[in-house]
Amino acid sequence: VQLQASGGGLVQAGGSLRLSCAASGRTFSIYNMAWFRQAPGKEREFVAAITKSGASTFYADSVKGRFTISRDNAKNTVDLQMNSLKSEDTAVYYCAASRIITQNRGAMDDWGKGTLVTVSS
């Protein structure tokens with residue numbers, strides 16, 4: 001599946017931003033979807049995941065309570081609503097698709113190009 005993330009930008013600490021990932025090429029609803037992020041000089045890390053139907057969601061401890069992942073299988077999109085942003089949320093954010101639900105970046109089947117989120121303090 002081809003993935004294209006969008007919605008990144010510059011935001012002040014405490015602000016909000018909504019990322020979106022559009023999928024094409026294969027049946028979107030057979031994939032679990034996830035967001036990862038990579039800050040400068042750091043490894044890519046798990047942020048959030050959602051199951052194929054959208055019934056279950058999973059979050060990294062660092063974003064729990066602030067970020068919300070959602071999907072619309074009719075529109076082939078997965079979104080990440082980010083609230084109460086902190087400077088440490090600054091990173092390139094990637095959406096990814098997988099046949100299994102997992103936080104392991106090595107198990108992702110497809111990746112989109114990232115979108116940069118910069119949080120100014």
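In this pair, F67 and Y93 present their aromatic rings tilted. The plane angle is within the 30 to 60° band.
Hydrophobic clustering of Ile, Leu, Val, Met, Phe, Trp and Tyr side chains at less than 4.5 Å, counting indirect connections, unites V78 with V47.
Nearest heavy atoms, Y31 versus D109: CE2-OD2, 4.5 Å. Taking all atoms of both residues into account, the shortest heavy-atom contact from V1 to A23 is CG2-CB, 3.8 Å. Between T90 and A39, the shortest heavy-atom contact is O-CB, 3.6 Å. For the pair I101 and N32, the tightest heavy-atom approach, listed with the atom from each and the gap, is N-ND2, 3.3 Å. When all heavy atoms are compared, the tightest approach of A97 to M33 is CB-SD, 3.6 Å. Closest approach of L19 to W35, counting heavy atoms only: CB-CH2, 3.7 Å.
Taking CG of L17 as the start and CG of L80 as the end, the distance is 9.0 Å to the nearest 0.5 Å. In this structure, CZ on F46 lies 11.0 Å from CG on N104, to the nearest 0.5 angstrom. A distance of 4.5 Å separates CG in D72 from OG1 in T77, rounded to the nearest 0.5 Å. Atom-to-atom distance recorded for I30:CD1 and K52:NZ is 7.5 Å, nearest 0.5 angstrom. Separating the OG1 atom in T115 from the CD atom in Q4 is a distance of 8.5 Å, to the nearest 0.5 Å. To the nearest 0.5 Å, atom CD of residue Q103 and atom OG of residue S98 are 11.0 Å apart.
Identified under the side-chain hydrogen bond (donor to acceptor under 3.5 Å, both in side chains) test for residues 7-25, with sequence neighbours left out: S16-N83, R18-D79, R18-Q81, S20-D79.
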- Item | Chi angles and distances behind the side-chain contact (heavy atoms from CB on, under 4.5 Å) call for D110, Q2 | CA-CA 7 Å; D110 297 293; Q2 288 77 48; over 6 Å; no
- Message: Could you go through I69 and F58, starting from their C-alpha distance and side-chain angles, then the distance that decides it, and tell me whether this counts as side-chain contact (heavy atoms from CB on, under 4.5 Å)?
- Response: CA-CA 8 Å; I69 188 171; F58 307 86; over 6 Å; no
- Task: Assess whether side-chain contact (heavy atoms from CB on, under 4.5 Å) is satisfied between V63 and M82, documenting all intermediate values.
- Result: CA-CA 8 Å; V63 306; M82 305 184 295; over 6 Å; no
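Other residues, nucleotides and ligands contribute more than 12 heavy atoms inside 6.0 Å of the NZ atom of K64.
Put simply, the side chain of S87 never gets that close to the backbone of V119: no donor and acceptor are under 3.5 Å apart. With hydrogens and angles ignored, the 3.5 Å screen pairs a side-chain donor or acceptor of R105 with a backbone N or O of R44. Put simply, the side chain of S29 never gets that close to the backbone of N73: no donor and acceptor are under 3.5 Å apart.
Geometrically, R71 engages F28 in a cation-pi contact, judged by NZ or CZ lying under 6.0 Å from the ring centre and within 45° of the ring axis.
Residues V117 and R37 are not in side-chain contact: their nearest non-hydrogen atoms beyond the backbone lie 4.5 Å or more apart.
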